[in-house]
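Here the structure is a predicted model, which is why all the values come from computation and not from measurement.
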2 protein chains.
Amino acid sequence: MNDSGQSSGSSARSKRKDARRNQQALLDAAAEVFVSSGVDAPVRDIAAKAGVGTGTIYRHFPTRADLVIAVYRHQVDACAEAGPALLAAGPTPHAALVRWVDLFVDFLVTKHGLATAMQGDSTCFGPLHTYFLDRLLPVCTQLLDAAADSGEIRSDLDAYQFMRGIGNLCVGADTDPRYDARRLVALLVAGLRQPH
Amino acid sequence: MNDSGQSSGSSARSKRKDARRNQQALLDAAAEVFVSSGVDAPVRDIAAKAGVGTGTIYRHFPTRADLVIAVYRHQVDACAEAGPALLAAGPTPHAALVRWVDLFVDFLVTKHGLATAMQGDSTCFGPLHTYFLDRLLPVCTQLLDAAADSGEIRSDLDAYQFMRGIGNLCVGADTDPRYDARRLVALLVAGLRQPH
DNA sequence: AATGAAACGGAACGTCGTTCCGATTACGAC
DNA sequence: GTCGTAATCGGAACGACGTTCCGTTTCATT
């Protein structure tokens, strides 16, 4: 098993100086553009902001989704690592679950259009979907199992469906002031509580 | 109240015979293509199936979304009309709400990609979103209010957020066998129950 | 300096929704 | 029947998108 998915050597010391410089410029530019124009911003805009040609993007990041992944990798990892920590710290598994979900929802809602991008498993964002799942599913499973074992929630919903549900509920939360994704996710979690 | 939004005179007796014929051919072709290739099917495919040029589509339906609306108008209307009926027939308002939600979810999940199309309020599907809301929001409000008045559910979630939540949960339900939108919607509704 | 490989940039491709416009057709007036 | 005209038609053309291609430039090595 290699360092799974390091898209085109994100950080592996490449031979040439310009290559490394451009890769970093691309990541910085993408981060900026994603904030100002959303994750759906045209590839050309990102290339322009980084001062490179479009071809350069695709040499470093095989597809649009890989660039998105590279930009948000740190935050996804942080979210993944927060799971066990919360479980160890929280008063109950359910409390930890709630807090972790808050973290995840905050992350999705904060990035314009990320939730939207993640579910449309069209040709374009498949890798994104996959990366999120690979990284977060085990954590979510652990939290869900713990809360189920302690009898706080029902145990008949797997983490995959739970996470997809949350992701879906976050769609459009950034563009519509009348829609409060956090609230609906809270409702979904409430529906998960053991009737007892 | 007029027949709000009759996109380009869907059924108003147009002057010319060929125009009427093409409009019907377009509706039939679109219905077929939507079933086989999803709501996202290229406009050109629909035009080809109907045996007309792409220009003809846009004379009858100003935008892609208007065609989608025209195809599903009957079913949306049926869903809207089922609301009061269920409320009158059901044992409790909550039961009526649950059944109506089932109806709505079935409708969304059955049409490939409809849910996905409805929330991406990009330039393209805005009208679709709007039509659904115009037609179904009053009905949903009525059901929600009735169930809240009878003390069965909490009253602090408006119909708009509720419907968006349901719509979002249905996204991708058709393409992913591991994802059961009906279940998650049921969980959401369960979370709505009054703690008492 | 010379050289070969790696990286560059932006033109070009295929797809999409949509617009445009010259050709065609139906229908009322004669 | 025929003719004029306005409505309708079909598909080429446009602009935006993600992605690919390839001639040119730049780097690291000698």
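In the set D:dC9, C:dA11, C:dA7, the nucleotide with an atom closest to the side chain of B:A19 is D:dC9.
One finds a side-chain N or O of B:T56 lying less than 4.0 angstrom from the OP1 or OP2 phosphate oxygen of D:dG10. Under 4.0 angstrom from either OP1 or OP2 of D:dT19 there lies at least one side-chain N or O belonging to A:Y58. Contact annotation: B:T63 side-chain N/O to C:dG17 OP1/OP2 distance is not under 4.0 Å. Not one side-chain nitrogen or oxygen of A:H60 sits closer than 4.0 Å to the OP1 or OP2 atom of C:dA7.
For A:Y72, the ring pair (Phe, Tyr, Trp, His ring centres under 6.0 Å) partners are A:F107, not counting sequence neighbours. With sequence neighbours excluded, the residues forming a side-chain contact (heavy atoms from CB on, under 4.5 Å) with B:P84 are B:V139, B:Q142, listed by chain and number. Scanning for ring pair (Phe, Tyr, Trp, His ring centres under 6.0 Å) contacts around B:F104 gives B:W100, with sequence neighbours left out. With sequence neighbours left out, B:D77 forms a salt bridge (Lys or Arg N to Asp or Glu O under 4.0 Å) with B:R135.
Straight-line distance from the CD atom of A:Q23 to the C1' atom of D:dC27: 17 Å, rounded to whole Å. Residue A:R59 contributes atom CZ, which lies 14 Å from atom P of D:dT26 at whole-angstrom precision. One atom, CG of B:L67, and another, P of C:dT18, lie 10 Å apart when rounded to the nearest Å. In this entry the distance linking CZ of B:R21 with C1' of C:dT25 reads 10 Å, nearest Å. Atom C1' of nucleotide D:dT25 and atom CG of A:N22 are separated by 13 Å, given to the nearest angstrom. Between B:Q24 atom CD and D:dC9 atom P the separation is 14 Å, expressed in whole Å. Whole-Å rounding puts the A:I46 CD1 to C:dG10 C1' distance at 17 Å. Look at CD1 on B:I57: it is 9 Å from P on C:dG17, rounded to the nearest Å.
Across all their heavy atoms, A:N22 and A:V52 have their closest contact at OD1-CG1, 3.4 Å.
Two residues are said to be in side-chain contact when any heavy atoms from C-beta on lie closer than 4.5 Å; B:F162 and B:L97 meet this criterion. Contact of the A:D176 side chain with the B:R164 side chain is registered, since non-hydrogen atoms from C-beta on lie closer than 4.5 Å. Side-chain contact check for B:R193 versus B:R154: every heavy-atom pair is 4.5 Å or farther apart.
In this structure, A:D28 contributes its side chain and A:A50 its backbone to no donor-acceptor pair below 3.5 Å.
The base of D:dG10 lies outside donor-acceptor range of the side chain of B:T54, with no N or O pair under 3.5 Å.
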All N/O pairs under 3.5 Å across the protein-nucleotides 13-16 of chain C interface:
none

What nitrogen or oxygen pairs link the protein and nucleotides 27-30 of chain C at under 3.5 Å?
| from | atom 1 | to | atom 2 | distance (Å) |
| --- | --- | --- | --- | --- |
| C:dC27 | OP1 | B:K17 | N | 2.9 |

